[in-house]
Each structure stands twice: as C-alpha cells, then as structure tokens.
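Structure, as structure tokens:
Keep in mind that this is a model prediction, so the values were computed, not measured. Values reported hereafter were calculated over all heavy atoms of this structure, with side chains retained and with hydrogens, waters and symmetry mates removed. Just so you know, residue 1 is the first one in the sequence shown, and it goes up from there.
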Amino acid sequence: MPGLTPASLSAEAPPAAAAAPVETRRKARFSPWHESWRRFRRHKLAVASGVVLLLIVAAIIIGPLLWRLPINEIDFTAKLQGPSWAHPLGTDDLGQDVLARLLYGGRISLAVGLAAMLVAITVGVLVGALAGMSSGHLDAVLMWLADLFLSLPQLPLLLLLIYLFRDALKTAFGPEGGVFVLIVVVIGGLRWMPAARLVRAQFLSLREKEFVEAARALGASKPRQVIRHILPNALGPVIVAGTIDVAAAIIAESTLSFLGLGFPPDIPTWGRLLADAKDYLDIAPHWALAAGAAIFLTVLSINFIGDGLRDALDPRSVI
C-alpha cells in the first residue's frame with residue numbers, strides 16, 4: 001500500500017547506522033603489547049617460569065626480613081647439620097644457616113645478572129645501531145671488532161682481566177663494590193657482540209621499510225629515524241637477547257665465585273656457596289643442593305621466559 005514502504009532503508013534505521021562506526025572503532029582498537037601479552041600467556045612453560053622467577057625474587061627480597069638469622073653467626077655445635085625446623089636448609093661447616101646465606105647471596109647474584117645484562121644490551125644496541133645505519137668503512141670496522149671479541153676465549157679472558165684490575169678496583173670502590181663493578185663490566189663487556197649483530201640485522205631490514213622511507217621523505221633526520229621509527233620496532237629481539245644475557249651472567253658470576261675469583265669468601269653468593277660445599281658433598285649434600293637448585297631454577301626460568309617472549313614478539317609465529 002502507498003506510504004508503507006520507506007523511500008530508503010537508511011531512513012528507517014539511523015540508530016543502527018550510528019552504532020556501526022562505534023562498533024567498528026572498538027574492533028579497530030589494537031595494541032601490539034596486548035597482543036604480545038595474549039600470545040605470551042598461551043606459552044604455558046613461560047608463564048609457569050615467570051611465576052617461579054617471581055617467587056625467587058620475592059624470596060630474596062622479603063625473605064631476609066622474615067628469616068632474621070645472621071649470615072655470619074658461627075655455631076660449631078651445629079655444623080653440617082641437615083634440614084630441621086631451626087635450619088630449614090641445614091648448616092655449613094661453621095654452623096651458619098644455609099637458608100639465610102642463600103637468601104642474601106641471591107640478591108648479589110641477580111643484581112650481577114641484571115647489571116651485566118644492561119651493560120651488554122646498551123653497548124650492543126649502540127654498536128648495532130651505528131653499524132646498521134652507516135655503510136662502508138664504519139660498518140665493516142664495527143663488525144670486525146664484534147667478530148674479534150667473539151673469537152676470544154671468554155673464561156681465560158675473564159680470569160686475566162680480574163687478575164689485572166681486581167686490586168685497583170677494590171682500593172677505589174671497596175672489597176664488595178670493586179668486585180661488583182669489575183665482574184659486571186667484564187661480563188657485560190664480553191656479552192655485547194650477539195646483541196650488536198642482532199640489532200644490526202634488524203636495522204638493515206627496517207631502514208628500507210615504507211614507514212622509514214616516508215619519514216625520510218618528510219625530512220626526518222637519522223637520529224629521529226632511529227629513535228622514533230626503527231629502534232622501537234627492533235626491541236622485540238633485543239628483549240629476548242636480554243633475558244638470555246641475564247642467565248649467562250648469573251652462570252658466569254657463579255663460575256668465577258666457584259673458582260675463588262669472584263666476591264670475597266665472607267660474601268655468600270650462590271657460586272661461593274657451591275665452592276665452599278664441594279668438599280662436603282659426601283657428608284652434607286644439602287649444602288650444595290640448596291645453592292645448585294637456586295642457580296638451576298633461576299637460569300631455567302629465565303630461559304623459558306626468553307622462549308615465551310621470542311614466540312610472543314615474533315609476528316610470524318602462530319600461537
């Protein structure tokens with residue numbers, strides 16, 4: 001009948017037409033970090049490792065506030081005792097509480113790992129960015145330098161540098177501070193090469209992308225191209241490399257302390273605890289197992305977190 005058919009479908013449905021753009025905008029909202037977090041959560045081992053690492057960090061930060069036994073209290077009547085209510089992880093050869101020393105040493109071991117990682121990543125990003133944005137002689141020289149450091153045997157070089165500079169840094173920064181600075185600089189200074197090569201490869205690929213060419217065409221300088229456009233898109237692999245460097249630095253510090261070239265004997269890092277316990281494995285295995293388990297769980301958790309971050313930050317992977 002006349003008058004019952006609308007002239008157009010849109011005239012009768014303005015609310016739906018108005019709601020469509022809002023719904024489209026909601027669907028269009030996309031955050032790469034939210035997407036990375038969603039992909040990371042689906043990596044079960046990485047999530048479990050993150051929980052374990054958080055528990056370890058909480059234990060070494062809050063634990064000494066709750067477990068107040070002194071780390072240097074000597075009691076020869078209780079030496080080499082097994083786990084008990086008074087000493088949950090047993091005692092060492094001087095009757096000192098292993099749990100208290102383990103919690104105290106965890107702070108130093110993790111601090112060394114994080115600080116050495118920051119040194120390695122900072123130097124690696126700077127060298128890789130310079131090599132990736134330059135061409136010709138500078139790129140060749142920087143990569144030759146990275147190849148030179150990669151070819152050096154790390155452990156003998158670590159021992160040599162510590163022998164040469166340990167006394168001078170102890171005099172300048174004190175027994176603890178000098179050894180901390182030396183170990184962090186030496187370990188971080190010998191771990192920047194993989195990060196530099198990784199960042200260089202990312203820069204060589206990203207600097208030819210359309211969004212970088214558009215910024216270049218609009219007159220953006222090279223520092224602006226690097227800081228605003230290239231570096232943020234290259235951070236994913238760098239974060240993964242950083243997690244691996246933390247684990248490697250913890251193992252390197254433990255190795256040096258085990259060899260007697262790390263912190264002084266009265267500072268109970270995890271490596272030092274292992275070194276002190278090696279002569280009592282047959283009669284007091286709990287002493288070595290505690291420090292070994294702490295190193296094992298921390299390094300394994302960090303490695304699994306790195307695997308999860310690699311999958312979450314790689315746009316080509318399907319999770």
Side-chain angles (χ1 to χ4, degrees), residues 105 107-134 137-203 226 231 234-235 237-264 267 269-272 275 295 298-299 302-303 306:
R107 297 181 177 183
I108 300 175
S109 296
L110 282 182
V112 168
L114 291 173
M117 178 270 293
L118 290 177
V119 171
I121 293 300
T122 301
V123 176
V125 168
L126 289 176
V127 173
L130 285 174
M133 290 302 293
S134 62
H137 296 296
L138 182 58
D139 183 17
V141 169
L142 291 175
M143 288 302 99
W144 175 84
L145 187 64
D147 292 337
L148 175 64
F149 273 85
L150 281 172
S151 65
L152 295 174
Q154 291 199 2
L155 185 57
L157 189 59
L158 276 172
L159 301 180
L160 176 63
L161 292 174
I162 288 174
Y163 272 124
L164 290 176
F165 299 106
R166 180 171 54 181
D167 294 336
L169 287 175
K170 279 184 178 179
T171 304
F173 298 99
E176 278 190 57
V179 175
F180 181 84
V181 171
L182 178 61
I183 290 178
V184 166
V185 171
V186 169
I187 294 177
L190 295 177
R191 293 287 308 174
W192 60 268
M193 299 80 70
R197 297 181 71 88
L198 181 63
V199 171
R200 174 181 176 270
Q202 291 289 316
F203 270 58
V226 170
L231 187 58
L235 283 181
V238 173
I239 293 173
V240 177
T243 60
I244 297 173
D245 283 341
V246 173
I250 291 174
I251 293 177
E253 184 277 325
S254 300
T255 302
L256 291 175
S257 295
F258 184 84
L259 295 175
L261 298 172
F263 287 88
I267 300 176
T269 65
W270 289 344
R272 172 62 62 180
I295 297 173
T298 303
V299 172
I302 292 173
N303 284 334

Contact summary for [X] and [Y], nearest pair of heavy atoms:
X    : Y    : result
L198 : A241 : CD2-CB, 4.2 Å
N303 : A247 : OD1-CB, 3.8 Å
M117 : G242 : CG-O, 3.1 Å
G271 : I295 : N-CD1, 4.4 Å
V112 : A249 : O-CB, 4.4 Å
A195 : I121 : CB-CD1, 4.1 Å

Begin with the C-alpha distance, continue with both residues' side-chain angles, and end with the deciding distance and a verdict on side-chain contact (heavy atoms from CB on, under 4.5 Å) for L150 and R197.
-> CA-CA 11 Å; L150 281 172; R197 297 181 71 88; 3.8 Å; yes
Any chance you could measure [X], atom [atom1], to [Y], atom [atom2], to the nearest 0.5 Å?
X    : Y    : atom1 : atom2 : answer
L256 : L159 : CG    : CG    : 6.5 Å
I187 : E253 : CD1   : CD    : 7.0 Å
T269 : F180 : OG1   : CZ    : 12.0 Å
L152 : D147 : CG    : CG    : 11.0 Å
S109 : R272 : OG    : CZ    : 11.5 Å
W270 : L110 : CH2   : CG    : 5.0 Å

Hey, does [Y] have a side-chain heavy atom less than 4.5 Å from the side chain of [X]?
X    : Y    : answer
V238 : L231 : no
R191 : V123 : no
T122 : W192 : no

Applying side-chain contact (heavy atoms from CB on, under 4.5 Å) between V246 and each of I244, T243, I250, report the one that passes.
-> I250
